Amino acid sequence: MTPGLHHYLIVSALLFSLGVFGVVSRRSLLVIYMSLELMLNAANLALVAFSQFNNNLDGQVMVFFIITVAAAEVAVGLALIVALYRKRRSAHVEDLTSLKY
Amino acid sequence: MPEFTDLLFYAFAGLTLLCGFLCVANPLSRNPVTSAMFLVLTIISMAGLFVLLHAFFLAAVQVLVYAGAVMVLFLFVIMLLNIKEEERRKMNIAAVGVGAVAVATLAGILVRALWHATPLATTATVEGSTRTLGRILFTRYLLPFEVLSVLLLVAMVGVILLSRKELK
């Protein structure tokens, strides 16, 4: 069967679900961050597929912007993780509960 | 008789999902470096999907920016912090199980909705080459493009502020 728009969207949906599962199941801040990247990539795939099958390049420009924003976000987020690690000696979500109680 | 590009789609899609699964839930290793490596593989096979969608420029950017710059940053921080603790701690099986059920429900709803959707009649013709994408980026999307450069500057200043020796 020739892959159509919904094939790409199904791959994107499954990839997004994998990212959500990583966020809820893993306890290391860095792996949670990687799962976030996975979710962003799933959104990118959906946008490119929509852009392609609607004959409209705007979706691909959007993906370009998303990639740039994600790069900036990764830089800031990793700097935050390093700063946290320096203060707490841990990058584990179970050790970062001082706002919980 | 399926065409070669159709087979490529299924190969890249399967590879993307397999490597994505091994990135978030590897049954053999809980080392963050393994996760990062499988995330690189996911990103590269997704660039293959972009090529199949005729988004050639984005495929190149995906490999250069994500697999190149972002993942190197990740690996750099993993090595810097020397994170090994997750291997020692035992996981909360009940929490992971409930999370898996919730996520499987979400995935099931999405896939079921997409499976029964009527597909678009149009076939793919638009081509995201560097020339066409550059033209649209520097005409209609010029202002967002410039705003994005300011965002990158802000992020850079923020990172420098965060990584100083003592945070005020």
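Per chain, numbering begins at 1; letters A, B, ... match sequence-line order. Because the structure is predicted, anything quoted here is derived from the model rather than measured.
Rounding to the nearest 0.5 Å gives a distance of 12.5 Å between CD1 of B/I136 and CZ of A/F64. Atom-to-atom distance recorded for B/L110:CG and A/F16:CZ is 8.0 Å, nearest 0.5 angstrom. Interatomic distance, OG of A/S51 versus NE2 of B/H54, reported as 11.0 Å (0.5 Å rounding). The distance from the CG atom of B/L64 to the CD1 atom of A/I67 is 10.0 Å, given to the nearest 0.5 Å. The distance from atom CG of A/L30 to atom CG of B/L81, rounded to the nearest 0.5 Å, is 6.0 Å.
When the candidates B/T132, B/L106, B/L58 are compared by the number of heavy-atom contacts under 4.5 Å with chain A, B/L58 comes out ahead. Ranking B/F21, B/Y10, B/W115, B/Y141 against chain A, the residue ahead of the rest is B/Y141, based on heavy-atom pairs under 4.5 Å. The greatest number of non-hydrogen atom pairs below 4.5 Å with chain A, out of B/C23, B/G158, B/A36, is found for B/A36. Most heavy-atom pairs under 4.5 Å with chain A: of the set B/L39, B/V61, B/V98, B/I160, this distinction falls to B/L39.
A 6.0 Å sphere centred on CE of A/M62 holds no more than 12 heavy atoms belonging to other residues, nucleotides or ligands.
By the 4.5 Å heavy-atom criterion applied to side chains, B/F57 and A/Q60 are not counted as neighbours. When side chains are defined from C-beta on, B/M156 does not count as touching A/V76, because their heavy atoms never get closer than 4.5 Å. A 4.5 Å side-chain heavy-atom check between B/E127 and A/L57 finds every atom pair outside the cut-off. At least one side-chain heavy atom of A/D58 sits less than 4.5 Å from a side-chain heavy atom of B/R140. At least one side-chain heavy atom of B/F50 sits under 4.5 Å from a side-chain heavy atom of A/N44. Residues A/V31 and B/V24 form no side-chain contact, since every pair of their non-hydrogen atoms from C-beta on lies 4.5 Å or further apart. Using a 4.5 Å cut-off on side-chain heavy atoms (C-beta onward), A/Y85 and B/L80 make no contact.
Follow the hydrophobic side-chain contacts under 4.5 Å out from B/L133 and you never reach B/F56; the two are in separate clusters. In the hydrophobic clustering of this structure, B/F138 groups with A/V63; members are Ile, Leu, Val, Met, Phe, Trp, Tyr whose side-chain heavy atoms approach within less than 4.5 Å, directly or through other members. Follow the hydrophobic side-chain contacts under 4.5 Å out from B/M79 and you reach A/L84 in the same cluster.
Neither the backbone nor the side chain of B/F76 comes within contact range of chain A, judged by heavy atoms closer than 4.5 Å. With a 4.5 angstrom heavy-atom cutoff, B/L17 touches chain A via backbone and side-chain atoms both. Heavy atoms closer than 4.5 Å to chain A are found in both the backbone and the side chain of B/L52. Of the atoms belonging to B/A69, not a single heavy atom falls under 4.5 Å from chain A. Both the backbone and the side chain of B/A25 have a heavy atom closer than 4.5 Å to some heavy atom of chain A. Both the backbone and the side chain of B/L114 come within contact range of chain A, each with at least one heavy atom under 4.5 Å from a heavy atom of that chain. Residue contact with chain A, scored on non-hydrogen atoms closer than 4.5 Å, involves the side chain of B/V65 exclusively. For A/L29, no part sits under 4.5 Å from any heavy atom of chain B, backbone or side chain. With a 4.5 Å cut-off on non-hydrogen atoms, A/N56 touches chain B through its backbone but not through its side chain. Proximity to chain A is limited to the side chain of B/L148, based on heavy atoms less than 4.5 angstrom apart. Interface remark: B/T5 contributes no atoms to any contact with chain A (heavy atom separation under 4.5 Å). Contact of B/A102 with chain A is not made at all, since no heavy-atom distance falls under 4.5 Å.
Considering all non-hydrogen atoms of both residues, B/V159 and A/A79 come closest at CG1-CB, 4.0 Å. Contact detail for B/A55 and A/V48: the closest heavy-atom pair is CB-CG1, 3.8 Å. Smallest separation of non-hydrogen atoms from B/L152 and A/A72: CD2-CB, 3.9 Å. Taking both residues in full, the closest heavy atoms of A/R26 and B/S35 are given as NH1-OG, 3.9 Å, listed atom of the first, atom of the second, then distance. The two residues A/S17 and B/V103 have their closest heavy-atom pair at O-CG1, 3.1 Å. Smallest separation of non-hydrogen atoms from B/R164 and A/R86: O-NH1, 3.0 Å.
For the residue pair A/N41/B/Q62, the side-chain donor-acceptor check at 3.5 Å is satisfied.
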Discussion item. Ring pair (Phe, Tyr, Trp, His ring centres under 6.0 Å) for A/Y8 and B/F9? Distances and angles first, verdict last.
Written reply: CA-CA 9 Å; A/Y8 285 98; B/F9 166 76; 4.6 Å; yes

